Amino acid sequence: MGKGGESISDEEWERFLREAEAGSKDAPEEPSARARMVAGRLRNAPAEPTPWRSHQPPRRRRGKGWYVIGVLVAVALLVVALAPGRVVGWFAGEGGESTPLAVESERPDQPPPTEAAALEPTLKQPFRGSPAVRWGDGAAGLGLPEARATGWMSKEQVAQALKESRDFLAASSLDPGVLRGDRPKKAIALLNPHQQDVQDYLAAAFRSPSRDNDPLLLFSRFENAKVRLVGDVIKTRGRITYREGKRGAVEVTTDVTYVYPVVRAAAGSDEVARTIVRREIVMSWDDPAKIITEPGTFSLISYKVDTTNGGCDTYTGYFTPAFDSDRETPPSGDGPALDPYDRSTTMDERMRQSDEEDCGKASRT
């Protein structure tokens with residue numbers, strides 16, 4: 001059931017249609033204000049393929065037949081106004097599901113649509129109402145580009161570096177134990193142990209998290225005593241690219257958005273919230289003849305993170321999602337609301353927006 005609407009029972013619905021077709025005096029002559037708004041939006045929208053449940057009446061001569069058609073259109077618009085979630089269900093399934101998206105191969109030119117945003121997530125459908133319902137599951141949602149000989153690496157070595165780069169994403173942001181708060185040992189093992197500034201960051205981040213030494217910059221962790229994940233699926237959308245870097249290194253850039261559905265840890269909790277995390281990590285697979293490194297490890301060039309509903313200025317080392325029922329007022333923040341599902345902007349631009357707004361507002365979760 002979407003926000004701001006009321007459900008219509010099957011009995012009421014059938015009675016309403018019978019009265020409308022009979023020309024009942026109770027049938028609305030004009031859609032409500034909201035229905036007019038929806039009608040205007042539909043008129044201005046580009047034509048869509050005819051859905052299987054729609055009915056398009058044939059062209060008729062002028063006469064009383066137009067009255068019947070007008071009444072049916074008014075009825076349809078009234079249903080859109082009173083039960084938008086029901087209409088979304090007709091066209092995209094009860095949970096807003098549709099055809100899964102192909103793996104992202106280039107940056108999109110616009111944000112994903114918002115039509116299903118009013119649908120609330122549930123324990124059975126934790127991604128309901130979110131564009132992530134069409135995204136990939138875990139590491140399977142992250143495709144690898146075709147390998148080619150680059151820098152000091154052969155084609156086969158590049159393919160292995162790409163695979164291990166994705167392994168790092170899985171070990172740092174998708175591993176069930178890490179998500180429950182465990183130390184990300186597998187992910188850390190892929191980091192060049194001779195990169196001293198990174199090793200210092202890791203030591204400080206897990207000993208005493210702070211703004212500058214926050215483990216959430218690289219790793220996704222929730223405090224198991226406070227929240228737990230819903231199901232075993234994390235939705236992902238992103239790209240992995242590479243090029244030749246300095247000193248012939250293979251430089252791999254990963255730009256991935258993760259969607260984590262959670263509930264409170266208390267038994268019987270059923271209110272679902274979502275934490276959305278976008279990370280860009282640039283890795284350097286260095287030539288051991290030029291850089292001190294270990295086989296199967298990479299050096300970090302940069303790492304950035306943008307988080308929605310993960311806590312703001314709460315440097316505990318864990319995401320701290322909020323639930324709607326806990327909020328006495330709408331979320332506060334400066335500036336316009338940002339869409340956490342929008343991948344049409346670069347990470348640099350998103351970081352500039354976040355820096356300007358500090359604890360900003362999100363348009364949806």
Side-chain angles (χ1 to χ4, degrees), residues 2-4 38 41-42 44-49 51 80 84-85 87-122 125-143 169 173-174 220 230-231 233-241 254-262 272-280 304-310 321 331 333 335-351 353-354 357 360-365:
K3 295 180 180 177
V38 173
R41 187 163 65 241
L42 292 176
N44 295 330
E48 296 288 340
V80 171
V87 175
V88 171
W90 289 351
F91 293 94
E94 288 301 317
E97 296 89 345
S98 187
T99 305
L101 295 176
V103 172
E104 186 176 283
S105 58
E106 59 184 14
R107 188 178 308 284
D109 58 7
Q110 60 185 357
T114 60
E115 284 81 355
L119 298 173
E120 296 282 1
T122 66
Q125 296 176 305
F127 302 102
R128 188 171 183 256
S130 161
V133 76
R134 299 182 61 195
W135 292 6
D137 295 354
L142 306 176
L169 301 182
S173 302
L174 298 171
S220 292
V230 179
V233 173
I234 307 302
K235 289 292 186 176
T236 59
R237 185 85 178 149
R239 299 182 310 283
I240 300 176
T241 59
T254 66
D255 179 354
V256 180
T257 302
Y258 307 87
V259 184
Y260 303 98
V262 296
V272 178
R274 288 188 288 253
T275 294
I276 305 163
V277 181
R278 181 179 176 185
R279 283 198 188 89
E280 181 188 85
K304 306 168 187 173
V305 64
D306 181 71
T307 303
T308 296
N309 196 30
L338 302 178
D339 185 353
Y341 295 100
D342 182 6
R343 295 185 46 79
S344 64
T345 59
T346 66
M347 195 61 174
D348 285 339
E349 177 61 26
R350 177 51 64 94
M351 295 302 292
Q353 293 171 337
S354 299
E357 297 171 12
K361 296 181 294 186
S363 61
R364 53 178 168 173
T365 59

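All residue numbers in this chain count up from 1 along the given sequence. These numbers come from the heavy atoms of this one structure, side chains and all, not from hydrogens, waters or symmetry mates. Just so it is clear, the structure is predicted and the values come from calculations on it, not from any experiment.
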With no hydrogens and no angle check, just 3.5 Å: does a side-chain donor-acceptor pair link Thr346 and Asp348?
no
Is the closest side-chain donor-acceptor distance between Thr99 and Arg134 under 3.5 Å?
no
Hey, could you give me the NZ/CG distance between Lys235 and Leu174, rounded to the nearest 0.5 Å?
12.5 Å
Verify the ring-centre separation between Tyr341 and Trp135: is it less than 6.0 angstrom?
yes
Might you point out which heavy atoms bring Val305 and Met351 nearest each other, and give the distance in Å?
O-SD, 3.5 Å
Name all residues meeting the salt bridge (Lys or Arg N to Asp or Glu O under 4.0 Å) criterion together with Arg364; count only those two or more places apart in sequence or in a different chain, and write none if there are none.
Asp339
Beyond-backbone contact of Asn309 with Ile276, side-chain heavy atoms, under 4.5 angstrom:
no
Indicate yes or no: at least one non-hydrogen side-chain atom of Val272 is less than 4.5 angstrom from one of Val262.
no
Do Arg279 and Thr254 touch side chain to side chain, with heavy atoms closer than 4.5 Å?
no
Do the non-hydrogen side-chain atoms of Thr257 and Val277 ever get within less than 4.5 Å of each other?
no
What residues, two or more places apart in sequence or in another chain, satisfy ring-ring contact (aromatic ring centres under 6.0 Å, His included) together with Tyr260?
Phe222
Measure the shortest side-chain to side-chain distance between Arg239 and Arg343 over non-hydrogen atoms and say whether it is less than 4.5 angstrom.
yes
Of all heavy-atom pairs between Ala140 and Val103, which one has the smallest distance, and what is that distance?
O-CG2, 4.4 Å
Are Asp255 and Arg278 within salt-bridge range, i.e. N to O under 4.0 Å?
yes
Between Ser130 and Arg274, is there a side-chain heavy-atom distance shorter than 4.5 Å?
yes
Evaluate Val133 against Arg128 for side chain to side chain contact (heavy atoms under 4.5 Å, CB included), listing each step before the verdict.
CA-CA 6 Å; Val133 76; Arg128 188 171 183 256; over 6 Å; no
Heavy atoms, side chains only, cut-off 4.5 Å: are Tyr258 and Thr275 in contact?
no
Heavy atoms only: give me the nearest Ala362-Ala337 pair and the separation to one decimal.
C-CB, 3.9 Å
Going by heavy atoms in the side chains, are Leu142 and Leu169 under 4.5 Å from each other?
yes
Considering all heavy atoms of both residues, which atom of Thr236 and which atom of Gly138 are nearest to each other, and what is their separation?
OG1-O, 2.7 Å
Can you tell me if Thr122 uses its side chain to pair, donor with acceptor, with the backbone of Gln125 under 3.5 Å?
yes
Sort out for me which residue in Val256, Leu101, Val259 forms a side-chain contact (heavy atoms from CB on, under 4.5 Å) with Arg237.
Leu101
Would you tabulate the side-chain donor-acceptor contacts of residues 105-112 under 3.5 Å, counting partners in other chains and residues two or more places apart, or write 'none'?
residue: Arg107; atom: NH1; partner: Thr345; partner atom: O; Å: 3.2

